[in-house]
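Structure record follows, encoded as structure tokens.
Here the structure is a predicted model, which means the values were calculated and not measured.
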Amino acid sequence: MEYDFRNIESTVQARWKSADVYRVTEDPNRPKYYVLDMFPYPSGAGLHVGHPLGYIASDIFARYKRQQGFNVLHPMGYDSFGLPAEQYAIQTGQHPAVTTEANIARYREQLEKLGFCFDWSREVRTSDPAYYRWTQWIFAQLFDAWYDLEADRARPISELVAAFERNGNFGLQAACNEGWWKELQGHFFGSDWEGDFTATDWNSMSPALKEDVLMGFRLAYLADSEVNWCPALGTVLANDEVKDGLSERGGHPVERKRMRQWIMRISAYADRLLRGLEGLDWTDSVKEAQRNWIGRSEGALVRFPMAEGVEGDAIEVFTTRPDTLFGVSFLVLAPEHPAVDALTSAGQTHAIQSYRERAAARSERERQGDREMTGVATGGSVLHPLTGDRVPVYIADYVLAGYGTGAIMGVPAGDERDHRFAQAMGLPIPPIFIGATPDAACTDYGAVLTASGPFDGLTAREAIPRALDLLESAGVGERRVQFRLRDAVFSRQRYWGEPFPICYVDDRPQVISDVQVTLPPVDAYLPTEDGEPPLARARAADWNIFRGDRMEYNTMPGWAGSSWYFLRYMDPHNPDAFCDRSRSDYWGQVDLYIGGAEHTTGHLLYARFWTQFLYDRGFIGFQEPFQRMINQGMILGRSSFVYRIPGTSNFVTFERRNEQPTQQLHVDISLVHNDILDLDAFRAWRPEFADAQFLLNDAGQYRCGHEVEKMSKSKFNVQTPDELIARYGADTLRCYEMFLGPLTQHKPWDTQGISGVHNFLRKFARLYADPQDAAPDPEALRTLHKTIRKVTEDLDRHAFNTIISALMIGVNELTDLKVQSREILQPMALLLAPCAPHLAQVLWEAAGGTGWALDTAWPEWDEQWLTQDTTEYPVSFNGKVRFKFAAPAAWNAQEVETAVRTDERTSQQLQGASIQKVIVVPGRIINIVFAGSK
RNA sequence: GCCUGGAUGGUGGAAUGGUAGACACGACAGACUUAAAAUCUGUUGGCCCGAACGGGCCGUGCGGGUUCAAGUCCCGCUCCGGGUACCA
């Protein structure tokens, strides 16, 4: 049977399509399995060979599970809101929806050619109004919810209102904004107000004030906050969209700015997001990255009262080392700390003022790498809560306003940074550890304390719980768990994103729930002259709905739509709900999630947050979206180089490039085969090379140099799947991408090996030249069952690369045995089906199989052909150790003898030892079990 | 700094503590060809003995250890990749 892959693949694909074989429906009688890929952003460049890597692996696994009898959900869609389409729109005026549509069409075409078993009837697009309607709905649910810390779950805001009406806020534990009560204080209550209100207070509030109070509790809330503002992009960015003070996309500078924004109270879920990680089958590194991002630390809140003569409340600091309290020699506040003004003495006003200005002007980037300690004394002091000593207060930018209380206690003997600060400022370093040098901080928890009052003679570990007790009984502090995770800014000043279902009346937001708010047409996609988002350009008449004084002009960030898409696949066309509960109960969690590791913090954290919220509100029945996750590695490009003699059109072959000065130039990899340059194609490539001359190697060829780099257009090393499919077929590409190496590993793309995989498929096909109804011989059966076992085991442990090797060995052995028996050929075709589905279908039929290979049960191996003998054997020693044993029936041998050479010492031990059991396969001792050993 | 993952032939990579280098690429040799391509066969970690059949020694980044047996387990390093940070 010839391997005419073009014909095979187009025919088989057409048959699958007309039979609609990939459509899946909920079937309570069959076990489900959910295999999900991280859906792509459809960029204008189309797919390169790196994109399908994860899709191929998930497709192979989905097909395997299907053959095992599972009802497999394996969908695909597009994360189709995003910046590139909008940037393109700004440049060309082309509506992003049009560009996006064209890009999706191209992606779809490329994906279909690869023969994936996606159920395209379930495709979702985040930019489709029928989809983002439900993104808006989830936002509205978050707006309409608060977090009950006692019950540890989200509840509807109406229940909070009911509680206020009954008891005011007495005894209520709810997640709310930092300093929220302070704001209310100025708003409504007297300045001596303690933070509680009664039912009577609540009931006497105006509706507007009630709204303002509730805003502080909502899970999606409006607040002024310091945001990362990127002037070049005209938008705010989340913390994880900023790298080194530059925007992740585009690399533009980012500055701090205070703006009124929609914010998600993800911090309320910090502890649950942390605990939920324990049960997940993710790699330790991804879990650890999430843990670091959430950043839980246990410690104490300690209050330092103002020294006499200074107005204001005590300064609160957060510390993880309350045991070092007696080593405090100063306090440091973030430059933005609200108490700075009160503490600043007349003489320091100017210095403080200029330091604050400098700190505000310095971008994050400038602070980076700058390890030098700077700071200014406020001139004011606070009192040590235990000793009553005066403690001077400084400001410094190594203390961050956004973490803890924005203030720290300085313990130079016990903290690296405090030590450096004390040295830079010439502050005392009270020794509080026995035997510690004053030249460095001692951060060892096992160090013994001294000069620390009641903690003398204790190690840090022992003293911390006592310190906490002491603080609490003295009423100057309490235990506190602090998280690094901040609430997530949810507004973007962009056009191409989900519009909020929100309008404003008297500057207060109102949810629009009776009609869907869709994106209105605008005449330009830029922000307006006065810095309003592009949506402010929409004329009132253009909105499908215009309510209140104005609409919300911001749109949602990219992660909104991707935080719940895996749920929509379960019920993609439901007009009445984001996903019917019966559907999500059937499909449940994603069993296997495959995607890049670059989303470890952002996407995964947000998706887990929304899933837990939807669970709290009873809309779904599970708390974690992705049970098992595999992160595929990046495929790097292999760039080719030519070597030009500078200033000439002469090019030197790789071997002789060092004979004279040469200049290395990227050359398009399509002009190079196995490192040999196609000279005519090179001359035709660019006009400037038309009359190129070449200095060749001894073989008369021009050899190019190469290097492994990220794939990029400018390096001419992008390999699209299309040309490889045209040349070798989709099955070859699928197998080759798996064969390249472990899925999770970064690896260079190198087409040199692809012919080996292609030959393997041809050899596979040739086996099916003349299938017979003959009884197979034992050797063939051994090969078959060995292959079944290896392929099955590799699939079960997601070792996609060695599957192909196992099949190659199987095919080579069967070819040598000239196997024609259908009894062997049929199951072999089924083993090939997940990896090379088109060819497998044709071979399955050639061997007399009926129906779809992809729906035929996965073969099982029979141990009788593989058994290893593990009974006891006589042992004799005559220079070598010889073992005789009876061969298993399947080997067609009566008795097998094997000899083992050993070193002197081992031989002696073997001679004298009493051997209980020897495990042997032909020619090989697997295990010798001595009597009495374990 | 911290957290992670890794280091095996010319190359990509195999190897539940049990013949290290499977499988593949590349290279070399041979067969078939007028020739090339394609295909097929053989050799291919290093060193050494042997005319040959064959045989020996050394080898998984480095140094120790556990074990009859270590690429694999333990301790201590070196180098490379990824993530992350004045987080109190």
Side-chain angles (χ1 to χ4, degrees), chain A residues 240 243 283-293 295-297 299-300 302 317-321 324 332 334 367-373 396-400 402-411 414-418 420-421 482-486 597-598 600-601 631 633-634 674-675 735-736 739-742 744-757 759-760 762-763 766 790 793-794 797 799 801-812 815 881 898 900-903 905-910 913 915 919-930 933:
Chain A
D240 52 281
K243 296 267 184 284
T283 61
D284 289 340
S285 63
V286 174
K287 285 194 196 180
E288 194 58 31
Q290 293 236 333
R291 284 193 197 104
N292 291 341
W293 199 258
R296 184 181 199 271
S297 51
V302 185
V317 303
F318 175 70
T319 178
T320 54
R321 294 294 302 273
T324 62
V332 187
R367 294 193 200 181
Q368 191 111 28
D370 181 5
R371 300 280 100 166
E372 224 167 280
M373 281 294 171
D397 64 5
Y398 84 91
V399 177
L400 308 175
Y403 183 76
T405 60
I408 61 152
M409 58 184 212
V411 185
D415 183 276
E416 183 68 29
R417 294 160 317 219
D418 294 347
R420 277 189 283 138
F421 187 74
Q482 184 67 43
F483 291 94
R484 194 179 83 96
L485 184 68
R486 319 261 29 106
E598 64 273 20
T600 43
T601 41
N631 300 112
M634 208 189 340
N674 294 345
D675 285 341
C735 292
Y736 185 57
F739 185 69
L740 215 49
T744 55
Q745 196 172 293
H746 293 251
K747 44 200 170 277
W749 179 254
D750 182 348
T751 47
Q752 294 210 24
I754 201 167
S755 63
V757 173
N759 286 342
F760 147 69
R762 289 170 49 180
K763 205 163 176 180
R766 244 179 282 133
K790 178 78 171 123
E793 285 174 353
D794 285 350
R797 63 190 177 100
N801 52 330
T802 48
I803 295 170
I804 311 294
S805 298
L807 289 169
M808 285 177 175
I809 296 167
V811 167
N812 285 340
T815 303
V881 183
T898 188
V900 184
R901 264 180 300 283
T902 59
D903 59 34
R905 193 165 146 235
T906 312
S907 300
Q908 309 247 317
Q909 292 196 356
L910 281 171
I915 294 175
I919 302 171
V920 186
V921 295
R924 177 179 177 189
I925 302 289
I926 299 293
N927 199 4
I928 302 171
V929 180
F930 294 91
S933 77

Subject >> Gap in Å between the two C1' atoms, one belonging to B:rU72 and one to B:rU19, rounded >> reply: 16 Å

Subject >> Upstream residue (5' side of RNA chain B) when A:Ile809 and A:Ser297 are each assigned their closest nucleotide >> reply: A:Ile809

Subject >> Opposite nucleotide pairing with B:rC2, Watson-Crick or G-U, both atom distances under 3.5 Å >> reply: B:rG83

Original post:
OP1 or OP2 of B:rA24 sitting under 4.0 Å from any side-chain N/O of A:Asn812?
Top reply: yes

Original post:
Given atom CD of A:Gln752 and atom C1' of B:rC25, what is their separation to the nearest angstrom?
Top reply: 7 Å

Original post:
Paired with B:rA31 by Watson-Crick or G-U wobble geometry, both distances under 3.5 Å: which nucleotide is it?
Top reply: B:rU39

Original post:
Nucleotide by nucleotide, 5' to 3', does protein get under 4.0 Å of the base (B), only the sugar-phosphate (S), or neither (-) in nucleotides 10-15 of chain B, counting heavy atoms?
Top reply: --BSSS

Original post:
Hey, would you say the A:Trp749 and A:Tyr736 ring centroids sit under 6.0 Å apart?
Top reply: yes

**OP:** Check whether any side-chain heavy atom of A:Thr320 sits under 4.5 Å from a side-chain heavy atom of A:Phe318, and report yes or no.
**Re:** yes

**OP:** Could you let me know what B:rC23 is paired to, Watson-Crick or G-U wobble, both distances under 3.5 Å, or none if it's on its own?
**Re:** B:rG12

Subject >> Phosphate-side-chain proximity, A:Arg291 and B:rG83, N/O vs OP1/OP2 below 4.0 Å >> reply: no

**OP:** Answer yes or no: does a side-chain N or O of A:Arg762 lie under 4.0 Å from OP1 or OP2 of B:rU39?
**Re:** yes

Original post:
When the P atoms of B:rC25 and B:rA20 are considered, how many whole Å apart are they?
Top reply: 25 Å

Original post:
Which whole number of Å gives the distance between the C1' atom of B:rA27 and that of B:rG12?
Top reply: 16 Å

Original post:
What is the distance, rounded to the nearest whole Å, between atom CD of A:Glu288 and atom C1' of B:rG83?
Top reply: 11 Å

Subject >> Separation between the C1' atoms of B:rC73 and B:rC68, rounded to whole Å >> reply: 16 Å

Subject >> side chain to side chain donor-acceptor pair (under 3.5 Å) involving A:Ser297 - partner list, sequence neighbours excluded >> reply: A:Tyr403

**OP:** With rounding to the nearest 0.5 Å, note down the distance linking CE in A:Met373 to CZ in A:Arg420.
**Re:** 4.0 Å

Original post:
Once you round to the nearest 0.5 Å, how far does SG of A:Cys735 lie from CG of A:Asn801?
Top reply: 12.5 Å

**OP:** Would you give the length of the straight line joining atom CG of A:Leu740 to atom CD1 of A:Ile804, rounded to the nearest 0.5 angstrom?
**Re:** 11.0 Å

Subject >> Any A:Thr324 side-chain heavy atom under 4.5 Å of A:Met409 side chain >> reply: yes

Original post:
Whole Å only: how far is the CD1 atom of A:Ile803 from the P atom of B:rA24?
Top reply: 16 Å

**OP:** Could you give the distance separating B:rG81 and B:rG9 at their C1' atoms, to the nearest angstrom?
**Re:** 22 Å

Subject >> Below 4.0 Å: OP1/OP2 of B:rA38 and any side-chain N or O of A:Asn759 >> reply: no

**OP:** Please determine, for B:rG71, whether a Watson-Crick or G-U wobble partner exists with both distances under 3.5 Å, and give it or none.
**Re:** none

Subject >> For A:Phe739, all residues meeting ring pair (Phe, Tyr, Trp, His ring centres under 6.0 Å), sequence neighbours excluded >> reply: none

Original post:
What is the distance, rounded to the nearest whole Å, between atom CH2 of A:Trp749 and atom P of B:rC25?
Top reply: 15 Å

**OP:** Under a 3.5 Å limit for both distances, which nucleotide forms a Watson-Crick or G-U wobble pair with B:rA7, could you say?
**Re:** B:rU78

Subject >> B:rG46, syn or anti by chi within 90 degrees of zero >> reply: anti

**OP:** Round to the nearest Å and state the distance from A:Leu400 atom CG to B:rA88 atom P.
**Re:** 10 Å

**OP:** Take atom P in B:rG55 and the same atom in B:rG18, then report the distance between them in whole Å.
**Re:** 25 Å

**OP:** Specify the residue among A:Gly406 and A:Asn292 whose closest nucleotide of RNA chain B lies further upstream toward the 5′ end.
**Re:** A:Asn292

Subject >> Nearest-Å distance once atom C1' is located in both B:rG10 and B:rU4 >> reply: 31 Å

Original post:
Between B:rU39 atom C1' and A:Lys763 atom NZ, what is the distance in whole Å?
Top reply: 11 Å

**OP:** Please determine, for the side chain of A:Trp293, which listed nucleotide (B:rG26, B:rA88, B:rU84) has the closest atom?
**Re:** B:rU84

**OP:** Using the C1' atoms only, state how far B:rU8 lies from B:rG21, rounded to an integer number of Å.
**Re:** 7 Å

Subject >> Value in whole Å for how far the P atom of B:rC25 lies from CD1 of A:Ile804 >> reply: 14 Å

Original post:
Going through the distances and angles, do A:Glu793 and A:Lys790 end up as a salt bridge (Lys or Arg N to Asp or Glu O under 4.0 Å)?
Top reply: CA-CA 5 Å; A:Glu793 285 174 353; A:Lys790 178 78 171 123; over 6 Å; no

Subject >> Under 3.5 Å on both distances, the Watson-Crick or G-U partner of B:rG17 >> reply: none

